Amino acid sequence: MLFVWDEKYRTGIDEIDRDHKGLVNLINDLYEAMQDGSGGALLLPIFSALKRYTEDHFCKEERYMIECEAPDQSKHFQEHKRMAETLADLESRHRHGEAAISLQTLTFLRDWLKNHICVVDQAMANKIKKQTEREGT
Ligand SMILES: [Fe+2]
Ligand SMILES: [Fe+2]
């Protein structure tokens, strides 16, 4: 397993945590597909699924942030945009045989996700939770 889920990644917003766990599972699936000796035939479909799932997740988070007027939106959106572009580029290069999806790629994605969840997503979640508590009282 390349990415072991830890409670420190939990934001407390169920929908977001479900998405993050889904992303972690897809990264682990890619890692397994890389190891299973089948020549990586499954890599591209799993990578494409990861790309789509990530795009959907980013859209969902951005909608949340706009709704609750979370701080630092543009910085957060920019991080999403850069990662979405990176995934699109990696997919296209792999598809055209220009570069393989390597272990280095996977560790880069894993580390990016760990850092993104722990820093910007947690800050966003705290703001959303405060907002919800205020509305609830
Ligand atoms: Fe996220
Ligand atoms: Fe995010």
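All of these numbers come straight from a predicted model, not from anything done at the bench. Indexing begins at 1, ligand by ligand and atom by atom, following the structure's order. Values reported hereafter were calculated over all heavy atoms of this structure, with side chains retained and with hydrogens, waters and symmetry mates removed.
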Between His80 and His57, does a side-chain hydrogen bond (donor to acceptor under 3.5 Å, both in side chains) hold up when you go through it step by step? CA-CA 10 Å; His80 284 174; His57 170 64; 5.6 Å; no
Should the pair Lys81-Glu85 be classified as a salt bridge under the 4.0 Å nitrogen-to-oxygen rule? yes
Basic-acidic side-chain contact under 4.0 Å: Glu55, Lys51: yes
Any N, O or S atom of His76 closer than 2.8 Å to the Fe ion (ligand 2): yes
Hey, is there an N, O or S on Glu79 sitting under 2.8 Å from the Fe ion (ligand 2)? no
The single option from His94, Arg93, Arg95 that satisfies side chain to side chain donor-acceptor pair (under 3.5 Å) with Glu91 is Arg95
Please name the residue in the list Gln104, Lys114, Met83 that meets the side-chain contact (heavy atoms from CB on, under 4.5 Å) test with Leu109. Met83
Is any side-chain heavy atom of Gln73 closer than 4.5 Å to one of Met124? no
Report yes or no: does His116 have an N/O/S atom closer than 2.8 Å to the Fe ion (ligand 1)? no
Atom name of the N, O or S atom in [X] that lies nearest to the Fe ion (ligand 1):
| X | value |
| --- | --- |
| His20 | NE2 |
| Glu61 | OE2 |
| Asp121 | OD2 |

Among the N/O/S atoms of His80, which is closest to the Fe ion (ligand 2)? Give the atom name. NE2
